[in-house]
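Taking it in order: structure first as structure tokens, then the write-up.
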Amino acid sequence: MRLLLVEDEQRLADVIKSGLVDKGFAVDVVGDGSEAVWMAGEHRYDAIVLDVMLPGLNGFAVCRKLREAGNWAPIMMLTAMDGELDEVQSLDSGADDYLAKPFSFAVLLARLRALVRRGAQERPAVIEVGDLQVDPAAACARRGGVHIALTPKEFAVLHLLARRAGQVVTKAELLQHAWDFAFEGDPNIVEVYVSALRRKIDAPFGVRTLTTVRGSGYLLELP
């Protein structure tokens, strides 16, 4: 398995690389964000270990650039010990996991093995359906760059429809996703929210992408 280690602390980079090589990994090491983007674009890696604090582009920017370029190699971010905000921003930038420094090499190794098992499946931080963008981290939507104001429940309904774009989503699935298993209200509440979404994501833009499939559910059409 081939890894890219992006770490500007030379001593730490040497220790991590040595341990990983001993476990059978092939490891390339770079010390700044711009070089990391270039290396990840030139070579195929089974996983990337990416420090947050880097000269030039920081780890968040590197992660976003890779995801925007369609590079879905699993990414583990290395954050500061008390960096709760770093951890949140790491995941929102498109990373798959994070470790706070200082960390146990055994834990790093186990998490890397788990990431490699998942593989490089596409998992964008922002879901795009044509010119409609659904951003789970910011809980907002945009069409053609225009911000669309949504309530939390409207966003929850849209989120599932966007994740399943091109597929029919049943009323029961939307209830389970946006409400909970104990919901005892009128299931037709889903229709109310779907209608509200149509008025916000379709009507102002002169399109019709959110449709009802009679007897089956609802469909957010692919372009």
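These numbers come from a predicted model, not from an experiment.
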Exercise. So, T212 side chain and R214 main chain: donor-acceptor pair closer than 3.5 Å or not?
Worked result: no

Problem set entry | Partners passing side chain to side chain contact (heavy atoms under 4.5 Å, CB included) against M53 (at least two apart in sequence or in another chain) | D51

Exercise. Does a salt bridge link K17 with E7, judged by any charged N lying under 4.0 Å from a carboxylate O?
Worked result: no

For this session: In sequence, state the C-alpha distance, the side-chain angles, and the governing distance for R208 and E221, and then conclude on salt bridge (charged side-chain N to carboxylate O under 4.0 Å, His left out).
Result: CA-CA 9 Å; R208 183 176 173 81; E221 296 181 352; over 6 Å; no

For this session: For D46 and R2, run salt bridge (charged side-chain N to carboxylate O under 4.0 Å, His left out): C-alpha distance rounded to whole Å, both residues' side-chain angles, the deciding distance at 0.1 Å, then the answer.
Result: CA-CA 6 Å; D46 294 292; R2 188 174 183 183; over 6 Å; no

Problem set entry | Minimal non-hydrogen separation, S90 against F60, with atom names | OG-CE2, 3.5 Å

Problem set entry | Approximate separation, where rounding is to 0.5 Å, of E68 CD and S93 OG | 10.0 Å

Problem set entry | Stepwise side-chain contact (heavy atoms from CB on, under 4.5 Å) check, R142 with D135 | CA-CA 8 Å; R142 294 177 293 274; D135 186 343; 4.2 Å; yes

Problem set entry | Atom NZ of K23 with >12 non-hydrogen neighbours under 6.0 angstrom | no

Problem set entry | side-chain contact (heavy atoms from CB on, under 4.5 Å) evaluation trace for L91 with D97 | CA-CA 7 Å; L91 298 175; D97 200 358; 5.8 Å; no

Problem set entry | Validation row: V169, L160 side chains within 4.5 angstrom (heavy atoms) | yes

Seminar exercise, completed: For F105 and I16, the nearest pair of non-hydrogen atoms, with its separation, is CE1-O, 4.0 Å

For this session: State, yes or no, whether a side-chain contact exists between V52 and Q89 at a heavy-atom distance under 4.5 Å.
Result: no

Problem set entry | Carboxylate-amine/guanidinium contact D131 R143, below 4.0 Å | yes

For this session: Give, for atom CZ of F155 and atom CG of L197, the distance between the pair rounded to the nearest 0.5 Å.
Result: 10.5 Å

Problem set entry | Transitive ILVMFWY cluster of V213, excluding itself - 4.5 Å side-chain cut-off | V168, L219

For this session: Return yes if some donor-acceptor pair links the side-chain N/O of S195 with the main-chain N/O of E191 below 3.5 Å, else return no.
Result: yes

For this session: Compare every heavy atom of G94 with every heavy atom of C63, then report the nearest pair and how far apart it is.
Result: SG-C, 3.5 Å

Problem set entry | Gap separating the CG atom of L175 from the CD1 atom of I189, nearest 0.5 angstrom | 9.0 Å

Seminar exercise, completed: Here the pair of heavy atoms bringing K101 nearest to L78 is CE-CB, 4.0 Å

Exercise. Side-chain contact, heavy-atom cut-off 4.5 Å: L4 with V30?
Worked result: yes

Exercise. Can you tell if the side chain of R164 reaches within under 4.5 Å of the side chain of L220, non-hydrogen atoms only?
Worked result: no

For this session: Heavy atoms only: give me the nearest E154-T151 pair and the separation to one decimal.
Result: OE1-N, 2.9 Å

For this session: Taking the side chain as every heavy atom from C-beta outward, state whether Y218 and T211 have any atom pair closer than 4.5 Å.
Result: no

Seminar exercise, completed: Heavy-atom closest pair (A40 atom, I48 atom, distance to 0.1 Å) is CB-CD1, 4.2 Å

Exercise. What distance separates I148 CD1 from R199 CZ, expressed to the nearest 0.5 Å?
Worked result: 13.5 Å

Exercise. Do the side chain of D32 and the main chain of G56 share a donor and acceptor less than 3.5 angstrom apart?
Worked result: no

Exercise. Distance-only, no hydrogens or angles: does the E173 side chain make a donor-acceptor pair with backbone N or O of T170 under 3.5 Å?
Worked result: yes

Problem set entry | Hphob cluster co-occupancy, L54 + W38, side-chain heavy atoms under 4.5 angstrom | yes

Problem set entry | Close side-chain approach of Y193 and L158, heavy atoms under 4.5 Å | no

Exercise. Does K200 NZ have over 12 foreign heavy atoms under 6.0 Å away?
Worked result: yes

Exercise. Do K171 and N188 have a side chain donor and acceptor closer than 3.5 Å?
Worked result: yes

For this session: Test M76 against L115 for side-chain contact (heavy atoms from CB on, under 4.5 Å), laying out the working first.
Result: CA-CA 8 Å; M76 175 181 291; L115 286 182; 3.8 Å; yes

Problem set entry | Salt-bridge criterion met for D28 and R44 (N-O under 4.0 Å) | no

Exercise. Taking it one step at a time, do Y45 and N71 satisfy side-chain hydrogen bond (donor to acceptor under 3.5 Å, both in side chains)?
Worked result: CA-CA 10 Å; Y45 292 102; N71 188 324; over 6 Å; no

Exercise. Say you draw a straight line from CD of E87 to CG of L99; how long is it, rounded to the nearest 0.5 Å?
Worked result: 9.5 Å

For this session: Test L132 against E128 for side-chain contact (heavy atoms from CB on, under 4.5 Å), laying out the working first.
Result: CA-CA 6 Å; L132 177 66; E128 296 189 2; over 6 Å; no

Seminar exercise, completed: The single option from L5, V49, L3 that satisfies side-chain contact (heavy atoms from CB on, under 4.5 Å) with V29 is L5

Problem set entry | Beyond-backbone contact of L108 with L112, side-chain heavy atoms, under 4.5 angstrom | yes

Exercise. Does one hydrophobic cluster hold both V15 and V107, with members joined at side-chain heavy-atom distances below 4.5 Å?
Worked result: no

Exercise. How long is the span from the CG atom in L66 to the CE atom in M39, to the nearest 0.5 Å?
Worked result: 12.0 Å

